[in-house]
Amino acid sequence: MQLDRRSLLIGGGIGVGLLVAWQLLPGDDARVPVPEGGTAIGGMVALDPQGGITLHSPQVEYGQGIWTAFAQAIADEMGARMDSIAVQPLQAGSGFANPMIDEAFGSAIRITAAATSVRAFTLDIRRAAASMRELLRAEAAERVGLDPAGLLIAEGEVRGGERPLSFAELAEGAASRRARGAELRSWAGGGIIGTNAARVDTPPKMRGTFAFAADVRLPDMAYAAVRVPPPGGRVTGLDRAAASARQGTTEIIEDERFVAVIGETSWAAQAGLAAAKVRVTGARLDDAAIEAALVAALDAKDGKVWVDVGDASDAIAAADAPLAGEFRAAPMLHQSLEAPAAVARPRTDGGLDVWAATRAPDATRAAIADACGLSPSRIQLVPMGVGDPSGALLENDAAPVAGRLALRLGRPVQASLSHHAARRVGAVSPPMAARVEVALGGGGILGWRAHYAAPAGLGGSLARLGGKRGPSRLGATGLPYGVPAQEITTTTIDLPLRTGWMRGAEEAFHALATETMIDRAARALGRDPLSFRIGLLGGDVRMARLLTRLAAEARWDGGGAGSMMGVACARMDGSRIALVAEASGSPASFKVSRLVAAVDCGAMVNPALVEQQVAGGMLAALQQLRFPAPRIVDGLPEPAGAAIGPALDALPEIRVLTTPSGELPGGVSSLGAAIAPAAIANALGAGGEDQGPVLRTLPFALGA
């Protein structure tokens, strides 16, 4: 098969699995590959001699549609056609630390997480595209002898002369010019931003050509099924004889970091590993120890104070009968479609080529280098697509193993963990606790005091990825309400448990504690929960508009006796969301029949992407609510059973109402997952007395 640069691009149809071949073509720049006669600006936007545009994305595509959003920004700013824009991931070592993660955690690291991609990189991408647009305009102006300001750029052409000039005609001349900063078009000035443009990753996924790490095939490649202990743990035993007896098993390797069974096929390797019955152990930690640590933290008088307005303690002390509630969230497992996998190939110069799914390419490359005793510069890592929206594969345990095995065997190796093993040793969402006290008076809320306790979530992941260990940010978003006296504090605890980021997990717990207490307050005051919220908003016009629209569109019934409706709202990631859920049953066995969400995420790049992310997040949260909480035994999560998920014909009716505003674009990927549990909990408790702790846990059945 003959390959050229365009066929190696997502837009060309073969897929990202072969992108390393493009990088290795002679004459290419190591950071941004640009063919002779082309040019690149800003390290992300490149123009080739045929007029094709390539986005070198610093952010990983995991189904959230970020490559489409970035491509739309380029097309809008340049006046290009969407079908002329191809996308490939920037290789590890290219820079581009996520500035929003650095600002929040002090970790300068390239990472795709926490709904930061659009907010962190869209402006820089637009600036690069604007500079490229002006190069093309200047070249066209010289050719036609007209003032550049009089030329129009649209649909991949520069218009204004005797005939339109295509980008292809102008590309090489434009590439010889010096790029300068250019004025940005007004938002949606090119007419593409704000539309439901087709996703750039859909065609290759439909054709099966969007390659994941497990799809990579190389000549003479060995297959390794791997078992690794958790950080601080160790391998305690295995049955070598049973593994060796399996047909197709060629070798068993015991290393201080892992056990690997090498097979002629991936199936043979996995079968051999299963026969080996590898046993690992973690730290001395169980559920009782976790609960004791959380209680001690709640009783402590220290922690990070996120909000301190007025005197909440005085307001609560002065209240006749303050409301109080305690909340718990169990550590939850990622339910990924894709298990950790990586392919490594030794080079003749002693370095490695690696293909791996990772949300943090530079950190993954550093982990491989550490495991292999190499300099990171000797490792070329292609970040593959990630088949998981929930936050898995921030850390890829298979990648360092693949590199180490490739050097040992002297041949390409595909290393993979089973789903079960990955869930046991991978990062879980943090176990969390909260104690909330609310003072009522004057028909409203006078004081609010919330104390949270949890190990670090994303901060824990960042520490293992080589960044700074940040505290838990549980509760950091504050309240979406203008309560006169507020105090929100979080105590970060250290546990010998591998905790990390999970989409919407901490935000969902914060919303559950906040929104169920708001419902209790409304019920105690005899108020409609939705109108009660509007009255508490203060000057937040954006949220008031959402709740007002939601009441009409969802046919809100007031939440009184006989109601099955619950409402919740949240402010996070620069966005607003309000949700009405309709549900029935008990916390241990419930059915959700309808979810209607209203979203204001500022200026929208692509409304369809917003709707997809919010709806997908709500369904993921609904599924997670049905998973039994795992038990923690010897520092490792033990799944407590299979999820009882809704059948396809029992999925709720879902509507997502987008309400664009003139604010800067906000994050959306965590909104649905964060708000759904609170709204469902309020629906299950609607129209009746407070149901107590059963609606104060995640998952709900934890408190039943």
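Treat the numbers as computed from the prediction; the structure is a model and nothing was measured.
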Heavy-atom side-chain contact between [X] and [Y] under 4.5 Å:
X	Y	answer
Leu619	Ile654	yes
Asp388	Leu337	no
Trp501	Leu394	yes
Met618	Val592	no
Tyr452	Phe509	yes
Pro455	Ser472	no

Is it true that a side-chain atom of [X] and a backbone atom of [Y] form a donor plus acceptor pair closer than 3.5 Å?
X	Y	result
Gln59	Ile111	yes
Ser575	Gly667	yes
Thr499	Ala456	yes
Arg498	Pro231	no
Asp314	Ala317	no
Thr658	Pro607	no
Glu663	Cys601	no
Arg359	Ala392	yes
Arg328	Glu291	no
Thr116	Ala113	yes

Polar side chain donor-acceptor pair, [X] to [Y], under 3.5 angstrom:
X	Y	answer
Thr281	Asp634	no
Thr659	Arg545	no
Thr364	Asn396	no
His419	Ser336	no
Ser661	Asp600	yes

Legend entry - By side-chain hydrogen bond (donor to acceptor under 3.5 Å, both in side chains) - contacts of Thr122 (at least two apart):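 Residues passing side-chain hydrogen bond (donor to acceptor under 3.5 Å, both in side chains) with Thr122: none at all.
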Inset, instruction - Just jot down the side-chain hydrogen bond (donor to acceptor under 3.5 Å, both in side chains) partners of Ser313, sequence neighbours excluded, or say none. - result: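 side-chain hydrogen bond (donor to acceptor under 3.5 Å, both in side chains) check on Ser313 returns Arg449.
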Looking at [atom1] of [X] and [atom2] of [Y], how far apart are the two atoms once the value is rounded to the nearest 0.5 Å?
X	Y	atom1	atom2	answer
Leu440	Asp320	CG	CG	10.0 Å
Met332	Arg423	CE	CZ	11.0 Å
Leu536	Met543	CG	CE	11.5 Å
Ile675	Glu515	CD1	CD	5.5 Å
Leu474	His510	CG	NE2	7.5 Å
Phe327	Met517	CZ	CE	5.5 Å

Heavy-atom pair with the smallest gap, counting every atom of [X] and [Y]:
X	Y	value
Arg527	Gly443	NH1-O, 3.0 Å
Asn98	Met100	OD1-N, 3.0 Å
Pro630	Asp287	O-OD1, 4.3 Å
Leu298	Ala433	CD1-CB, 3.8 Å

Inset, instruction - Quick one: which residue pairs count as a ring pair (Phe, Tyr, Trp, His ring centres under 6.0 Å) with a foot in residues 583-616, not counting sequence neighbours? - result: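 Qualifying pairs, neighbours excluded: Phe590-Phe700.
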Legend entry - Residue pairs, two or more places apart or on separate chains, that pass ring pair (Phe, Tyr, Trp, His ring centres under 6.0 Å) and touch residues 522-555: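 As it turns out, there is no ring pair (Phe, Tyr, Trp, His ring centres under 6.0 Å) pair with a partner in residues 522-555 once direct neighbours are skipped.
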Inset, instruction - Would you please test Arg533 and Asp540 for salt bridge (charged side-chain N to carboxylate O under 4.0 Å, His left out) and show each step? - result: CA-CA 11 Å; Arg533 284 171 167 81; Asp540 193 340; over 6 Å; no
Legend entry - Residue pairs passing the salt bridge (Lys or Arg N to Asp or Glu O under 4.0 Å) test where at least one lies in residues 299-310, sequence neighbours excluded: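 Output for this query lists Asp299-Arg435.
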Inset, instruction - Please collect all side-chain hydrogen bond (donor to acceptor under 3.5 Å, both in side chains) contacts where either partner lies in residues 608-621, sequence neighbours excluded, each pair once. - result: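 Every pair satisfying side-chain hydrogen bond (donor to acceptor under 3.5 Å, both in side chains) with a residue in residues 608-621: Arg199-Gln612.
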Inset, instruction - Indicate yes or no: does Arg424 engage Glu638 in a salt bridge with an N to O separation below 4.0 Å. - result: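 Looking at Glu638 together with Arg424, the answer is yes, because their closest N to O distance falls below 4.0 Å.
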Legend entry - Pair Arg655 + Glu653, salt bridge at N-O below 4.0 Å: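 Here Arg655 does not pair with Glu653 in a salt bridge, since their nearest N and O are not under 4.0 Å apart.
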Inset, instruction - Taking atom CG of Leu664 as the centre, report whether more than 12 heavy atoms of other residues, nucleotides or ligands fall under 6.0 Å from it. - result: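 No, CG of Leu664 has 12 or fewer neighbouring heavy atoms, counting only those of other groups under 6.0 Å.
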